[in-house]
Amino acid sequence: MSAHQTKVMDVGGVAVRVSDQDRALRFYVDTLGFAVLLDVPTGGGGRWLQIVAPGGRIPIALVPVGDGIAAGGETGITFATSDAAADHATLVGSGVDADELLRWPGVPTMFAFRDQDGNQLKIMESPRPDQDAREGGTRR
């Protein structure tokens, strides 16, 4: 490693802008099944709120809108699942704004959906490592 490189090892978290942290927390916990990782007060009446997917390792901070940055729009966040079709049916059945399932040859099944603030997220099927070996495929 060069003396001019950082010591960054991984992605430590991502953030989603929300208009109401309590409402967002209910969506991510009650609808998506995430858990609260941190919920602590910060200076000036603020709050640091992080959630994480079950078994996940990368937390999502639910950050209040402000400083000219609004909620809504593409987040670039894609969640992994073992069954995209089942998750799609669950979310649509719960009234979540979700696009249709995308199924392309050789590409994992996926779909986009939006939270209560219009933040677009994706869910993509991720095969288990033992499934790749059985099907003769490889993942990079």
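Taken together through direct or relayed side-chain contacts under 4.5 Å among Ile, Leu, Val, Met, Phe, Trp and Tyr, Val16 and Val29 form part of one hydrophobic cluster. In the hydrophobic cluster analysis, where Ile, Leu, Val, Met, Phe, Trp and Tyr join through side-chain heavy atoms closer than 4.5 angstrom, Ile77 is grouped apart from Met124. Put simply, Ile60 and Val65 are part of two different groups of oily side chains (I, L, V, M, F, W, Y) that touch within less than 4.5 Å, one to the next. Under the 4.5 Å side-chain heavy-atom criterion for ILVMFWY residues, no single connected hydrophobic cluster contains both Val96 and Leu102. Under a hydrophobic-cluster definition in which Ile, Leu, Val, Met, Phe, Trp and Tyr are linked whenever side-chain heavy atoms come within less than 4.5 Å, directly or via other members, Trp48 and Leu37 are assigned to different clusters.
Here Gln21 contributes atom CD and Leu62 contributes atom CG; the two are 7.0 Å apart, rounded to the nearest 0.5 Å. Distance check, rounded to the nearest 0.5 Å: CG of Leu91 to CG of Asp97 gives 10.5 Å. To the nearest 0.5 Å, atoms CD1 (Ile123) and OG1 (Thr90) are separated by 9.0 Å. Between the CG atom in Asp20 and the CD atom in Gln116 there is a gap of 8.0 Å [rounded to 0.5 Å].
Residues Leu38 and Leu49 fail the side-chain proximity criterion, which asks for heavy atoms closer than 4.5 Å. In this structure, the side chains of Val63 and Val18 stay at 4.5 Å or more apart for every pair of heavy atoms. Considering only heavy atoms from C-beta on, Val107 comes within 4.5 Å of Met110 through its side chain. Using a 4.5 Å heavy-atom threshold, the side chains of Val36 and Tyr28 count as separate.
In terms of heavy atoms, Ala80 sits closest to Ser126 at CB-CB, 3.9 Å. The nearest pair of heavy atoms linking Val52 to Gly56 is CG2-O, 3.5 Å. Shortest non-hydrogen contact noted between Ser82 and Glu125 is O-CG, 3.7 Å. Between Gly66 and Arg17 the shortest heavy-atom distance is N-NH1, 3.8 Å. Shown here for Pro59 and Arg57, the closest heavy-atom pair between the two residues is CD-O, 3.5 Å.
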Query raised in the report: salt bridge (charged side-chain N to carboxylate O under 4.0 Å, His left out) between Lys122 and Glu74: does it pass, once the steps are laid out?
Result: CA-CA 10 Å; Lys122 293 179 186 73; Glu74 171 62 53; 3.1 Å; yes
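Distance alone, capped at 3.5 Å, is enough to place a donor-acceptor pair between the Asp115 side chain and the Asp117 backbone. Side chain of Thr42 to backbone of Arg47: a donor-acceptor contact under 3.5 angstrom is found. Judged purely by atom type and a 3.5 angstrom limit, Arg114 has no side-chain atom pairing as donor or acceptor with the backbone of Leu121.
With ring centers used as reference points, Phe27 lies 6.0 Å or more from Phe34.
Every residue two or more places apart in sequence or in another chain that forms a side chain to side chain contact (heavy atoms under 4.5 Å, CB included) with Leu101 is listed here: Ala84, Ala85, His88, Arg103, Thr109, Phe111. The side chain to side chain contact (heavy atoms under 4.5 Å, CB included) test applied to Ala86 returns Asp83, not counting sequence neighbours. In terms of the side chain to side chain contact (heavy atoms under 4.5 Å, CB included) criterion, residue partners of Asp30 (sequence neighbours excluded) are, by chain and number, Arg26.
Judged by distance alone, the side chains of Thr75 and Asn119 never bring a donor and an acceptor atom under 3.5 Å apart.
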